[in-house]
Protein chains: 2
Amino acid sequence: MQRVTIAQVAERAGVSTATVSRVLSRRGQVSAAVERKVRRAADDLGYQVNVIARALRNSRTDTVGMVVPSITNPFFTSLVESVEHALGKEGKELFLCDARSDPRIEARRLASLAARNVDGIIVSPSHGVDSRPAVQQTAERLPLVQLDRFVDDTTTDWVGVDDVAAMRQVMDHLHDGGARSAAFIGSLMTHSSTEQRFAGFRRRAEELNIEVKPDQVLLGDYSVEWGEAAVARLIAEGGLPDALVCADDLIALGATRACRAHGFAVPRQVQVTGYDDIEFSRLAEPALTTVHQPRDRIAAEAVRLLAAASLAKDAERGPHAHISLVPTLVVRDSTRAAQAPPDRI
Amino acid sequence: MQRVTIAQVAERAGVSTATVSRVLSRRGQVSAAVERKVRRAADDLGYQVNVIARALRNSRTDTVGMVVPSITNPFFTSLVESVEHALGKEGKELFLCDARSDPRIEARRLASLAARNVDGIIVSPSHGVDSRPAVQQTAERLPLVQLDRFVDDTTTDWVGVDDVAAMRQVMDHLHDGGARSAAFIGSLMTHSSTEQRFAGFRRRAEELNIEVKPDQVLLGDYSVEWGEAAVARLIAEGGLPDALVCADDLIALGATRACRAHGFAVPRQVQVTGYDDIEFSRLAEPALTTVHQPRDRIAAEAVRLLAAASLAKDAERGPHAHISLVPTLVVRDSTRAAQAPPDRI
DNA sequence: AACTCGACTGTAATCGATTGCATTGAGGTG
DNA sequence: CACCTCAATGCAATCGATTACAGTCGAGTT
């Protein structure tokens with residue numbers, strides 16, 4: 001495998017390896033005649049650089065590593081896709097790892113990426129606390145950007161959305177639809193996303209005077225199954241509130257399904273909202289009202305930050321950027337259209 | 001970045017780099033005392049092997065490359081997950097690439113993986129014909145296994161399911177539910193999956209005397225949108241048959257949705273089947289009857305073949321294996337339960 | 001006592017591409 | 001004509017880990 005080396009090209013072209021390298025990486029001066037000879041030889045032999053050797057010499061791999069909690073979560077999948085496209089434009093490639101929501105596996109992946117000399121790492125940490133040591137340590141060695149989720153007390157770059165602003169929109173919309181009580185179904189508070197979204201939820205609920213019973217804040221994980229289980233529990237323990245605010249679409253999909261299974265009409269009797277706007281939220285019955293994250297924008301910012309950090313080198317790592325983009329509410333059929341608005345003079 | 005090298009560990013431990021290497025890679029004999037010193041020094045310094053350097057020397061990277069047509073297709077996502085787990089057991093990592101269903105991008109990815117000295121490649125080709133040159137060429141350089149889809153006239157290993165057997169089950173089930181006519185909605189015939197599934201569909205339809213109008217075989221792509229569009233076209237051009245057999249779940253999800261949108265009850269008026277058993281097929285309304293692919297098994301076989309091929313080296317590449325596993329029909333609510341069976345003496 | 005054997009350890013070559021430095025030679029200048 | 005400049009090119013070191021080969025040393029043999 002990988003038989004043709006620069007030395008063989010050099011021999012065939014009758015020049016030194018240095019010259020071949022100069023031609024192929026367009027660095028340094030080479031006469032037109034020699035350049036033609038070299039290119040010809042390279043083509044004839046089907047030469048291809050050995051990225052490994054180049055990486056060893058340059059300590060640059062033109063590869064970025066990405067670690068996500070779960071590759072089967074459609075939100076992360078499409079985020080990955082966006083990142084890949086953004087990187088493609090810079091001629092970089094993506095090395096993708098799945099942490100299976102386990103901080104230990106995550107730590108191993110991060111170490112492995114670092115050992116592979118990736119130029120930078122994009123990570124959405126699995127856990128707000130337990131992921132911290134590995135993330136912090138990795139960030140000390142190479143450029144690192146956190147995406148969507150982040151670890152506590154972090155000092156790295158971060159790109160995501162303004163969850164609080166998003167929840168404000170969600171709550172206002174539910175309120176317009178007549179909701180006067182609501183439950184929150186999320187994953188654990190150790191996920192920054194759930195934590196932030198819950199904070200936004202709680203604050204706006206208070207402002208709008210929407211009732212939130214303490215035992216109607218249910219925390220599990222980001223999965224359809226948990227959405228179903230949470231609703232079953234709510235029903236068993238005293239019934240559903242006017243609205244179910246879910247921390248992501250998977251949960252909301254499960255919740256909606258469970259509501260219907262138990263004979264509650266959505267959105268007539270219970271309104272349900274999700275978060276992320278994954279493709280299937282559109283297909284559910286009823287189609288899910290949710291928060292759309294500007295994935296391409298998020299990805300582009302992350303790639304930009306990474307590039308900037310690579311240039312700055314270890315030298316003067318400037319202050320770290322926290323970029324939060326404003327997401328938009330996508331109203332579909334799992335919530336009610338605005339009621340006749342209250343009198344306004 | 002990556003500051004600590006084996007030389008520094010050697011110096012600190014007062015031995016040669018060779019000894020350090022021997023300790024750390026557990027090869028060769030080293031006295032217990034020296035081993036302890038070396039490990040201590042390595043720990044103190046936080047040494048981590050430079051995988052790049054090792055790869056250059058060994059021309060082994062313990063990394064496998066995988067190329068899929070689309071990372072946002074849930075079927076491929078879960079296949080990727082299965083492959084990752086299977087590789088993890090062998091201490092190998094996965095380098096994932098998205099070909100965006102474009103054979104040219106696919107070719108570039110394959111070349112890039114080869115240049116990175118991956119130990120092997122798992123690919124699900126985007127196109128039955130156009131993907132062929134790149135796949136073939138790559139297979140000549142290193143171990144390669146095709147998964148699920150394959151290119152024409154291929155001489156590489158392949159692992160997938162027996163589409164014909166699966167379609168037989170599907171058609172029998174639809175027939176039991178009373179279907180006497182059916183349409184087929186797939187992607188292009190240049191995708192081996194659609195081609196095989198269609199072949200199985202057509203053969204069993206004939207045997208069961210299920211009518212298939214020539215203009216009711218619709219080919220587009222693997223997407224929800226295409227499923228919706230195809231049904232719209234069927235309705236516009238003369239109405240729906242008794243059953244819609246879709247080449248994958250995304251299409252089936254779209255088809256179901258379109259049926260309902262146009263006022264056709266599923267499964268009462270039209271039965272719909274999918275293929276792949278992605279997670280959301282369970283959540284659709286009605287839950288989708290589909291074909292479950294044994295993903296873990298497929299992944300495990302692929303990894304096994306790759307390992308075997310690596311051992312055989314270029315020497316005597318034995319004959320290539322085509323492993324087809326038998327999938328199982330998952331009956332849910334988008335098809336009808338069996339009618340009273342016809343008299344059987 | 002001389003020799004063999006094997007366990008340990010070190011020296012240096014190697015993987016393939018890149019690049020600082022040296023060299024060559026053509027063209028220009030006084 | 002001696003001397004200088006600069007583009008073009010080659011030589012050889014380098015990135016970091018691995019490993020063939022060789023050397024050392026103590027124990028066991030004869």
Review point. With sequence neighbours left out, what residues match B/Phe76 under ring pair (Phe, Tyr, Trp, His ring centres under 6.0 Å)?
Key: none

Review point. D/dT9, C/dA7, D/dG10: which one has an atom nearest the side-chain heavy atoms of B/Gln29?
Key: C/dA7

Check your understanding: What does A/Val20 touch in the nucleic acid at a heavy-atom separation under 4.0 angstrom: a base, only the sugar-phosphate, or nothing?
Key -> nothing

Exercise for review: Mark up nucleotides 19-28 of chain D, 5' to 3', with B wherever a protein heavy atom is under 4.0 angstrom from a base atom, S wherever such an atom reaches only the sugar-phosphate, and - elsewhere.
Suggested key: B---------

Review point. Quick one: side-chain contact (heavy atoms from CB on, under 4.5 Å) partners of A/Thr77, sequence neighbours excluded?
Key: B/Ile71, B/Thr72, B/Thr77

Revision key, fill the gap. Winner on side-chain proximity to A/Arg54, out of C/dG10, D/dA17, C/dA17, is C/dA17

Practice item. Using only side-chain N and O atoms of A/Ser16, determine if any of them is under 4.0 Å from OP1 or OP2 of D/dG10. Key: yes

Exercise for review: Find the distance A/Leu24:CG to D/dT9:P and express it as a whole number of Å.
Suggested key: 15 Å

Practice item. Give every residue pair that meets the salt bridge (charged side-chain N to carboxylate O under 4.0 Å, His left out) criterion with at least one member in residues 38-49 of chain B, sequence neighbours excluded. Key: B/Arg12-B/Asp44, B/Glu35-B/Arg39, B/Arg40-B/Asp44

Review point. Are A/Arg104 and A/Asp102 ion-paired here, with the side-chain N under 4.0 Å from a carboxylate O?
Key: yes

Exercise for review: Name all residues meeting the side-chain contact (heavy atoms from CB on, under 4.5 Å) criterion together with B/Thr63; count only those two or more places apart in sequence or in a different chain, and write none if there are none.
Suggested key: A/Phe95, A/Arg116, B/Thr61, B/Phe95, B/Val118

Point to revise | Length of the CG-C1' vector between B/Asn117 and C/dA17, whole Å | key: 13 Å

Check your understanding: Whole-Å distance between C/dG10 C1' and B/Ile6 CD1?
Key -> 13 Å

**Study point:** No-hydrogen, no-angle side-chain donor-acceptor test under 3.5 Å, A/Ser70 and A/Tyr222
**Key:** no

Check your understanding: With sequence neighbours left out, what residues match A/Gln137 under side-chain contact (heavy atoms from CB on, under 4.5 Å)?
Key -> none

Revision key, fill the gap. To the nearest 10 degrees, the angle between the two end axes of the helix from C/dA1-D/dT30 to C/dG30-D/dC1 (five pairs per end) comes to 60°

Exercise for review: Send over the distance from A/Leu56 CG to D/dC15 C1', rounded to a whole Å.
Suggested key: 4 Å

Review point. What salt bridge (charged side-chain N to carboxylate O under 4.0 Å, His left out) pairs are there with at least one residue in residues 71-91 of chain B, not counting sequence neighbours?
Key: A/Arg109-B/Glu84

Exercise for review: Scan for salt bridge (charged side-chain N to carboxylate O under 4.0 Å, His left out) pairs involving residues 62-77 of chain B, sequence neighbours excluded, and state none if there are none.
Suggested key: B/Arg60-B/Asp62, B/Asp62-B/Lys92

Practice item. Under the ring pair (Phe, Tyr, Trp, His ring centres under 6.0 Å) rule, collect the residues that match up with B/Phe75, sequence neighbours excluded. Key: none

Check your understanding: Going by number, which of residues 34-46 of chain B have a non-hydrogen atom under 4.0 Å from DNA chain C?
Key -> B/Val34

Practice item. Could you check how far CD of A/Glu11 sits from P of D/dG10, rounded to whole Å? Key: 13 Å

**Study point:** By ring pair (Phe, Tyr, Trp, His ring centres under 6.0 Å) - contacts of B/Phe150 (at least two apart)
**Key:** B/Trp158

Point to revise | Distance in angstrom units between B/Ile52 CD1 and D/dA17 C1', rounded | key: 12 Å

Check your understanding: A/Ser31 side chain N/O closer than 4.0 Å to the phosphate oxygens (OP1, OP2) of D/dT9?
Key -> yes

